[in-house]
Amino acid sequence: MALEQLYQEVILDHYKNPRGKRAVPGAELSCSRNNPLCGDEITIYAHLEDGAVADLGFEGSGCSISIASASMLVEAATGRPLNEAQDVAVRFRAMMAGSVEPDEDTFGDLVSLTGVRKYPARIKCAVLAWDVFQEALSGAGDATGDAPH
Ligand code: ZN
């Protein structure tokens, strides 16, 4: 199977069976954002315990790339210490920008999203959940609340 086809299968699997697509009870951190270019909307919920991302979930709607990326984020960041989770987010962005090599040991299914690097407009779909995640972790989401969009 060609690599590109394999990547598409991985993305479709996450899109059809998203991991952690639910609100997290008792989440201290949550944040929502949308990608007006595509119409994607993602809300991230995080529950922290002992400096780690103990529970993570998301809600939202959008294209297959944005939903698959959020599902992969849940898989990649749940259970990690906060600094490690933030590091994955930074490295994922770098990978999507082309400055970090896709490495399956580090990124798991996330490497499949490098297939969209050829389509600059879709990169925004792929990083949306990570934008929201990083904002939620920074606590900035608390201040904005349910801001109208
Ligand atoms: Zn999209």
Side-chain angles (χ1 to χ4, degrees), residues 1-48 53-80 82 85-100 102-104 106-149:
M1 193 183 284
L3 192 60
E4 194 148 324
Q5 194 183 347
L6 180 71
Y7 282 175
Q8 281 183 5
E9 304 247 325
V10 173
I11 289 168
L12 268 182
D13 177 54
H14 277 274
Y15 176 57
K16 288 180 183 161
N17 309 294
R19 282 52 147 186
K21 191 159 190 255
R22 62 191 168 87
V24 172
E28 303 89 346
L29 300 174
S30 70
C31 184
S32 304
R33 268 206 198 178
N34 62 357
N35 169 19
L37 290 177
C38 182
D40 311 314
E41 264 188 55
I42 298 282
T43 302
I44 295 275
Y45 303 92
H47 168 57
L48 306 182
V53 182
D55 201 358
L56 193 60
F58 78 99
E59 285 182 322
S61 59
C63 66
S64 56
I65 301 294
S66 64
I67 299 298
S69 180
S71 169
M72 292 175 196
L73 184 159
V74 167
E75 233 177 35
T78 302
R80 285 199 196 244
L82 210 49
Q86 277 161 331
D87 188 52
V88 173
V90 169
R91 290 173 58 82
F92 173 69
R93 281 170 189 289
M95 178 174 77
M96 293 308 287
S99 56
V100 163
D103 165 20
E104 257 181 76
T106 309
F107 294 110
D109 286 351
L110 286 165
V111 296
S112 64
L113 291 170
T114 56
V116 308
R117 288 192 302 200
K118 283 178 289 194
Y119 313 100
R122 306 311 299 278
I123 293 177
K124 287 195 190 312
C125 302
V127 299
L128 174 65
W130 297 81
D131 282 346
V132 185
F133 180 58
Q134 285 183 299
E135 198 173 322
L137 289 192
S138 75
D142 294 344
T144 53
D146 290 322
H149 48 150

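All values below come from the heavy atoms of this structure, side chains included, with hydrogens, waters and symmetry mates left out.
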Do [X] and [Y] have side-chain heavy atoms sitting under 4.5 Å apart?
X	Y	result
Phe107	Arg91	yes
Pro25	Tyr45	no
Met72	Val10	yes
Asn35	Cys125	yes
Leu73	Leu56	yes
Leu48	Leu82	yes
Trp130	Leu110	yes
Leu113	Phe92	yes

Please round to the nearest 0.5 Å and tell me the distance separating atom [atom1] of [X] and atom [atom2] of [Y].
X	Y	atom1	atom2	answer
Ser138	Leu29	OG	CG	8.5 Å
Leu137	Ile44	CG	CD1	9.0 Å
Gln8	Ser112	CD	OG	10.0 Å

Hey, are Asp13 and Arg19 close enough for a salt bridge, meaning a charged N less than 4.0 Å from a carboxylate O? yes
Any carboxylate oxygen within less than 4.0 angstrom of a Lys/Arg side-chain nitrogen, looking at Glu135 and Arg33? yes
Non-hydrogen atoms of [X] and [Y] that approach each other most closely:
X	Y	answer
Val116	Ala126	CG2-CB, 4.2 Å
Val111	Pro102	CG1-CB, 3.9 Å
Val74	Gly20	CG1-CA, 4.0 Å
Ser32	Thr43	OG-OG1, 2.8 Å

Within the distance-only criterion (no hydrogens, no angle test), does the side chain of [X] pair as donor or acceptor with the backbone N or O of [Y] below 3.5 angstrom?
X	Y	result
Asp40	Cys63	yes
Ser69	Val127	no
Thr78	Glu75	no

Test: side-chain hydrogen bond (donor to acceptor under 3.5 Å, both in side chains). Region: residues 113-129. Which pairs qualify, not counting sequence neighbours? Glu4-Lys118
Derivation of the side chain to side chain contact (heavy atoms under 4.5 Å, CB included) call for Asp103 and Met95: CA-CA 9 Å; Asp103 165 20; Met95 178 174 77; over 6 Å; no
Just grab all the ring pair (Phe, Tyr, Trp, His ring centres under 6.0 Å) pairs involving residues 6-36, residues at least two apart or on different chains. none
Check the pair Ile67 / Lys16 against side chain to side chain contact (heavy atoms under 4.5 Å, CB included), numbers first and verdict last. CA-CA 9 Å; Ile67 299 298; Lys16 288 180 183 161; over 6 Å; no
Arg80: what forms a salt bridge (charged side-chain N to carboxylate O under 4.0 Å, His left out) with it, not counting sequence neighbours? Glu84
